[in-house]
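Comments concern the structure below.
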Amino acid sequence: MRLLASVRSADEVLAAVSGGADIIDAKEPTRGSLGAVAPEVFAWIQARVPLDLELSAALGDVASPLEVRTRIAALGVVPRLTPVFLKLGFAGVGRPRRIKALLEVACTAAREMGCPSARVIAVAYADNENAGCADPGTVWDAAGSVGVAGVLLDTWSKGGRHLFNWIEPEAVRNLVNQARCAGLLTALAGGLGPEQLPAACQVDPDIVGFRGALCQGGRDGKVSRARVRRLKTLLEASNPVHQPN
């Protein structure tokens, strides 16, 4: 499993990288589960991420093709050899065909952005009723049919509960296995910390994402190198059954 660290500014990148994060994710936590940073902030963040590390960007929830194209075009990704993951959620969108159509637009926009390593990640919410959107299985089915790179299971609500408060580990494992059978990268996030690592290891995704557990002062605080290192050490000691290529 790889550790994804969400950062909100260029100042947090060094702590995340030196702490051992495998993927640096640009996200503004005050804007919700998938809050996008401003384009200029993303430019500063990507400039500080070493070229041999994977980069990720939260682009928010989308409901129209125009929103998808606008958010991807505004990002200004500088080409790199390592993957650049573009995360899109679908709060407020319940129809499977609509989600599939939005993902098709996203894949096309990603191919046209001038960064060959750009990869679309479809985000589903374990608390989908709170988000007013389709359940994770529906998002998974749409993702598997349009050529996205992977799927992320997250939580839309950020009120102190974590992913496994909303969905049992066995159900998550079934979703991960389904995604793997479709050739998709798999990721988990949503209020996760050291206490949830045993359940995450049982599920065994490719990537586990963190924000609040990495920060002094919680989700809206600042990323701490020591906290990143602690979680990285715990992940390395977990010895998951599946190892990504």
Could you check whether any side-chain heavy atom of [X] comes within less than 4.5 Å of a side-chain heavy atom of [Y], counting everything from C-beta outward?
X    : Y    : answer
T82  : L53  : no
W156 : N128 : no
I207 : L188 : no
F164 : L192 : yes
F210 : L231 : yes

For a quick test of reading the model, state the closest non-hydrogen atom pair linking [X] to [Y] and the distance between them.
X    : Y    : result
V148 : V120 : CB-O, 3.5 Å
L34  : G89  : CD1-N, 3.3 Å
V139 : A122 : CG1-CB, 4.1 Å

Do we see a donor-acceptor contact under 3.5 Å between the side chains of [X] and [Y]?
X    : Y    : result
T138 : D141 : no
S157 : D127 : yes
T108 : R111 : yes

Donor-acceptor pair, distance only, cut-off 3.5 Å: does the side chain of [X] make one with the backbone of [Y]?
X    : Y    : value
R2   : I23  : no
E236 : M1   : no
D206 : A187 : no
T155 : L163 : no
R80  : P50  : yes
D61  : A91  : yes

Working to the nearest 0.5 angstrom, can you tell me the gap between [X] [atom1] and [Y] [atom2]?
X    : Y    : atom1 : atom2 : result
T30  : R8   : OG1   : CZ    : 5.5 Å
L197 : S238 : CG    : OG    : 7.5 Å
R69  : S64  : CZ    : OG    : 8.0 Å
S117 : E54  : OG    : CD    : 9.5 Å

*Count the heavy atoms of every other residue, nucleotide or ligand shown that sit under 6.0 Å from CZ of R219, and state whether that count exceeds 12.*
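Atom CZ in R219 is packed in, count exceeds 12.
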
*CZ of R161: more than 12 outside heavy atoms within 6.0 angstrom?*
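Enclosed: over 12 neighbouring heavy atoms sit under 6.0 Å from CZ of R161.
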
*Using the test side-chain contact (heavy atoms from CB on, under 4.5 Å), find all partners of A189 that sit at least two apart in sequence or belong to another chain.*
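Once residues adjacent in sequence are excluded, the partners of A189 under the side-chain contact (heavy atoms from CB on, under 4.5 Å) criterion are L152, D154.
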
*Decide whether W166 and V208 are clustered together by the hydrophobic rule: side chain heavy atoms of Ile, Leu, Val, Met, Phe, Trp, Tyr closer than 4.5 Å, transitively.*
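Result: no, two separate clusters.
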
_Quick check on salt bridge (charged side-chain N to carboxylate O under 4.0 Å, His left out): which of R48, K222, R211, R225 does E12 satisfy it with?_
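Only match with E12 under salt bridge (charged side-chain N to carboxylate O under 4.0 Å, His left out): R211.
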
*Can you name the residues that form a salt bridge (Lys or Arg N to Asp or Glu O under 4.0 Å) with D25, not counting sequence neighbours?*
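Expected list: K87.
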
